[in-house]
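Numbered from 1 within each chain, the chains take letters A, B, ... in sequence-line order.
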Amino acid sequence: MSTENLPTEEDLPEQLRIRREKRASLLERNVEPYPVSVPRTKSLKEVREKYVGLEIDVATGDVESLTGRIIFKRDTGKLCFATLREGDGTELQAMLSLDKVGQEVLDSWKADIDLGDIVSITGEIITSKRGELSILANSWTLASKSLRPLPNDHKPMSEETRVRMRYVDLIVRPEARSNARMRPAVMKSLRDTFDKANFVEVETPMLQVMHGGAAARPFKSFSNAYDMDLYLRIAPELFLKRCVVGGIERVFEINRNFRNEGADSSHSPEFAMIESYMAYGDWMSIADLTRTLVQNAAMAVAGSHVVTHHDGRQADLGGQWKQISLYDAISNGVGESVTALTPYADLKKIAEKLGMKIDPKWITGKLAEEIFEHVARHLLVEPTFVMGFPVDTSPLVRAHRELPGVAEKWDLYIDGFELATGYSELIDPVVQRDRLVEQATLGSKGDLEAMQVDEDFLRAMEFAMPPTGGMGMGVDRLLMALTGLGIRETILFPLVKPEVD
RNA sequence: GGGCCUAUAGCUCAGUCGGUAGAGCAACGGACUUUUAAUCCGUGGGUCGACGGUUCGAGCCCGUCUGGGCCCA
């Protein structure tokens, strides 16, 4: 990187300039501000655990070398205090006294060490006269000099600063630390649940020649080596179904999908998703699997099926979950009977009466789904399976075994948002081809979310796919359901537009 | 896409009627051997998001743009 455009020392804000001067001053005195290693015999957490319950004003005689970031600093004339914090948030007090370290070392501590610096301190583990577990320094050494001041630890950072500088957020905000550690706990729980049910995890392409498996606009890219357009996947569905054809009868994938659409408090352009397929299952058995995945994840992070959101609200994810019919929900919401056979014109009248803005590109089923979202979605706070979606918006789903115009598809709603979807999969390759051709026709008419005809996928289907149930669930949204957080808090580094100078 | 709110010191925020830019924490200098957001005395730190307009005079009023948030679609 070029150094030409970096600000000169005089241009820097006062506090940044002073810290750079301190770094230079250390180097002048042959003190390394960024040493290759520093003494460390225990973590702060290990010390806290070992000496729990130690009485006031005790000297243990145990000498350790401990490291941590300086979070608070209380310098007095001859006895200085500082609070060290390590990555998981564990804190420990450090004490430096004139009679232990001498004038020169104490003066250097006061002058050279700032909030945010990482230090190593060697000394005896004691409790102070106020009972605080502490390390009383015999010596100390700088582990890494911070050139930027930490934000005020007692006022929350603004939401934008938290997202743009997550590394600082993780240093100062306990909830940021626990959120970051909740995601891997949930991932582990999901994989354990699948493993116990004999599912095999696979990884399928994210760079795809042809996108499919969902109704969404893709990100487009280009391969220099192959000289052709490539797409970032919007869903792994068509590859997982190839796996089922090949005999991986219980299969799942947890990984990132990319959708080139709007971003808001529940949509991120890249998001983690589970997809899973179970041969010889159907939409009901896959619903049971989905419920088990969610409930086990709740148990893993909350120790209970009742989870407590960050605002204190509790949500009960336990028991069997309510099932409602999509068209019943619409009928109740609009006060007249609506079915999958209700004609487009009637739906349009209903939507207009509701004051909805209607996109002329919407087909009949899409209009019904939009009416559902308008009248019923916000009511679905407790976990609810919404059963029976229109067949014309579900091109990869088999038709309902009894209800005409309906597909064996459910959406799972929690807290008013869609958490997961599940199907009895369409396995008739001839019908599948017709549906995809129909999609391609919509695409050629300008529907940017329509699917393409994937000939290789159809060829796989023609080798016979067993009857199968399938599901997809947003991992970020699962974390939202468990914590009540917005999607940008469940993702460590959500996409943000670059800062402008 | 539409509407509303928002951008001021390193961080979090005030800023009245358009008239010399404020606080807390942080920083700098000094005092202090048991502090817990230590305390006390003193000091410095600002392109008020960007550009344009109105005005004798703009952080404040108007317009455009950019970033962020919320609501609607």
With rounding to whole Å, what would you report as the distance between B:rG59 and B:rC70 at their P atoms?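 Here B:rG59 and B:rC70 have their P atoms 31 Å from each other.
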
Sugar-phosphate means primed atoms, P, OP1 and OP2; the rest is base. With that split, encode nucleotides 23-28 of chain B 5' to 3' as B, S or - using protein heavy atoms under 4.0 Å. -BSBSS

Looking at [X], does any N or O in its side chain come under 4.0 Å of the phosphate oxygens OP1/OP2 on [N]?
X: A:Arg488; N: B:rG69; value: yes
X: A:Thr161; N: B:rU12; value: yes
X: A:Thr76; N: B:rA38; value: no

Which residues, if any, of residues 354-375 of chain A bring a heavy atom under 4.0 Å of RNA chain B? A:Lys357, A:His374

Pick base, sugar-phosphate or nothing for A:Arg164, based on heavy-atom distances below 4.0 Å to the nucleic acid. sugar-phosphate

Take A:Pro156 and A:Phe72, find for each the nucleotide of RNA chain B with the closest heavy atom, and name the residue whose nucleotide sits nearer the 5' end.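 Looking at the nearest nucleotide for each, A:Pro156 comes out on the 5' side.
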
So, A:Glu369 and A:Thr393: side-chain donor and acceptor under 3.5 Å apart, yes or no?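 A:Thr393 and A:Glu369 do have a side-chain donor-acceptor pair below 3.5 Å.
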
A:Lys409 NZ/CZ over A:Phe389 ring centroid, <6.0 Å and within 45° of normal: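 Ring-cation test returns yes.
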
Nucleotide paired to B:rU64 in any strand shown, Watson-Crick or G-U, under 3.5 Å: B:rA50

May I ask which nucleotide in the shown strands pairs with B:rA27, Watson-Crick or G-U wobble, both distances under 3.5 Å? B:rU43

